[in-house]
Enquirer: 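Shown below is the structure under consideration.
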Amino acid sequence: MSGAAAELLILNPNSSTVVTNRLAEEAKRVAPLNITIRAVTNSAGPIGIQTLEELNAAREWVLATIAANIDCVAAIIGAFGDPGLDEARTQSPIRVVGLGEAGILAAAEGGRRFSIVTAGVAMRAAVLDKIESLDVREQLASLRYLPHTVIDVVRDRERVLADAVDIISACFKEDGAAAVLLGGAPFAGTAHTLALQSTVPVIDGAEAAIRSAIAGLDW
């Protein structure tokens, strides 16, 4: 790219502009200055994706939105379940990164044991399937759930994060985790703050996805 300006596409498959803004702000914090952010919200989606049905329903929107924005240098699917990721990689001429996949790989980096702290127990099977597909199941120390819904994380993140600190600590002390992944787009931008209160590295899937997308570009 030789330092030329380029755009990074951020897709939010839910209808919350709050989440879109969080993802965009984190991208601006992490990305180089010559990368601008194009953030798109699925206005027809749920406020937060909480079930497998909602995750699957987001797939077509993700594929259509990437297809309409191939002038961007890369795309990030901003949902922990990565709806449409495999198909988008097959169909799209641009690099496509999933927030869930990137976060799990970052947490498991170097063979370390990791835990996931997230909301929405209905998505447990999808999360475990993703971990299996990435061949890091043996490194998973624990999968813990916050006593809150995904909607709670969208609407009152600070209250949710207060509970997350204790759960992150339990992942280290009780489960033997060497890193903890905060699972979900609504957590975008929080890991570097929570890391200061934790004895283990706290991974943000949004940050991991942004760094992965940038690393794959031909600079």
Side-chain angles (χ1 to χ4, degrees), residues 1-14 16-42 48-49 62 65-66 69-83 85 88-89 92 94-110 112 114-118 130 134 153-154 157-158 160-161 164-165 168 178-198 200-219:
M1 291 174 60
S2 304
E7 284 192 276
L8 177 64
L9 176 66
I10 307 285
L11 297 95
N12 175 17
N14 69 52
S16 172
T17 56
V18 171
V19 173
T20 305
N21 291 338
R22 289 174 186 172
L23 290 166
E25 287 168 7
E26 184 65 2
K28 290 173 184 175
R29 185 184 73 84
V30 175
L33 292 177
N34 63 327
I35 293 285
T36 57
I37 309 304
R38 184 185 302 178
V40 184
T41 306
N42 180 9
I49 294 177
V62 167
T65 305
I66 293 176
N69 290 274
I70 58 172
D71 56 318
C72 292
V73 293
I76 294 172
I77 301 173
F80 194 44
D82 298 338
L85 176 60
R89 283 178 169 161
S92 177
I94 65 173
R95 179 171 172 79
V96 182
V97 175
L99 182 147
E101 179 181 279
I104 291 168
L105 290 176
E109 187 176 12
R112 64 185 171 187
F114 69 97
S115 291
I116 297 174
V117 174
T118 187
K130 175 71 71 174
L134 296 173
V153 186
V154 173
R157 186 171 63 175
E158 296 309 313
V160 173
L161 290 177
V165 173
I168 290 169
V180 175
L181 169 64
L182 285 175
F187 291 109
T190 60
H192 58 283
T193 300
L194 285 179
L196 300 176
Q197 306 172 50
S198 172
V200 298
V202 181
I203 310 298
D204 180 343
E207 178 180 356
I210 295 158
R211 294 193 184 281
S212 176
I214 294 168
L217 299 179
D218 183 9
W219 295 94

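This one's a predicted model, so the numbers in the text were calculated from it and none came from an experiment. Residues take their numbers from the sequence shown, with the count starting at 1.
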Enquirer: On a heavy-atom basis, which atom in A39 and which in A24 lie closest, and how many Å separate them?
Expert: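 Nearest pair, atom of A39 first, then A24: CB-CB, 4.1 Å.
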Enquirer: Let me confirm one number: the NZ-CD distance from K28 to E25, rounded to the nearest 0.5 Å.
Expert: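 The CD atom of E25 is 7.0 Å from NZ of K28, to the nearest 0.5 Å.
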Enquirer: Where do A208 and A106 come nearest, in terms of heavy atoms and distance?
Expert: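 Closest approach of A208 to A106: CB-CB, 3.9 Å.
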Enquirer: For a 4.5 angstrom cut-off between non-hydrogen side-chain atoms, does L182 reach V117?
Expert: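 Side-chain contact under 4.5 Å: yes.
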Enquirer: I want to check something: taking the side chain as every heavy atom from C-beta on, are L23 and L99 in contact at a cut-off of under 4.5 Å?
Expert: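 Yes, at least one pair of side-chain atoms sits under 4.5 Å.
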Enquirer: Please give me the minimum heavy-atom distance between D204 and F187, naming the atom from each residue.
Expert: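 Closest approach of D204 to F187, heavy atoms only: OD2-O, 3.7 Å.
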Enquirer: When you measure from the side chain of D82 to the backbone N and O of E101, does any donor-acceptor pair fall under 3.5 Å?
Expert: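 Yes.
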Enquirer: Quick one: list whatever passes salt bridge (Lys or Arg N to Asp or Glu O under 4.0 Å) with E207, sequence neighbours left out.
Expert: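 Testing E207 for salt bridge (Lys or Arg N to Asp or Glu O under 4.0 Å), a comparison that skips the adjacent residues, returns R29, R211.
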Enquirer: Indicate yes or no for a side-chain donor-acceptor contact from N14 to the backbone of I49 under 3.5 Å, with no hydrogens or angles considered.
Expert: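 Not at all, since once roles are kept as given, no pair shorter than 3.5 Å links the two residues.
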Enquirer: Roughly how far, to the nearest 0.5 Å, is the CG atom of N21 from the CG atom of N12?
Expert: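 Spacing of CG (N12) from CG (N21) equals 9.5 Å.
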Enquirer: From I77 CD1 over to I66 CD1, what is the distance, rounded to the nearest 0.5 angstrom?
Expert: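 Output value for this atom pair is 4.5 Å.
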Enquirer: Minimum heavy-atom separation for V19 and A185, please, with both atom names.
Expert: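 For V19 and A185, the tightest heavy-atom pair comes out as CG1-CB, 3.8 Å.
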Enquirer: Is there a donor-acceptor pair under 3.5 Å between the side chain of R95 and the backbone N or O of A74?
Expert: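 No; zero donor-acceptor contacts below 3.5 Å.
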Enquirer: Which pair of non-hydrogen atoms, one from F114 and one from A107, has the smallest distance, and what is that distance?
Expert: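 Looking at all heavy atoms of both residues, the closest pair is CB-O, 3.6 Å.
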Enquirer: With V96 as reference, evaluate L85, I76, V62 under the side chain to side chain contact (heavy atoms under 4.5 Å, CB included) test and give the passing residue.
Expert: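 One option only clears the test, and that one is L85.
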Enquirer: Taking side chain to side chain contact (heavy atoms under 4.5 Å, CB included) as the criterion, tell me which of I35, V97, I94, V30 meets it with L8.
Expert: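 For L8, the side chain to side chain contact (heavy atoms under 4.5 Å, CB included) test succeeds with only one of I35, V97, I94, V30, which is I35.
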Enquirer: Is the shortest side-chain heavy-atom distance between E26 and I10 below 4.5 Å?
Expert: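 The answer is no, as the side chains (C-beta and beyond) never meet within the 4.5 Å cut-off.
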Enquirer: Taking R157 for the side chain and A188 for the main chain, is one N or O donor matched with an acceptor at less than 3.5 Å?
Expert: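 Yes.
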Enquirer: Looking only at heavy atoms, what is the nearest atom pair of P13 and A79, with distance?
Expert: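 Answer, listing the atom of P13 first, then A79: CG-CB, 3.8 Å.
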Enquirer: Side chains of I116 and F80, heavy atoms from C-beta outward: is any pair under 4.5 Å?
Expert: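 Sidechains of F80 and I116: in contact.
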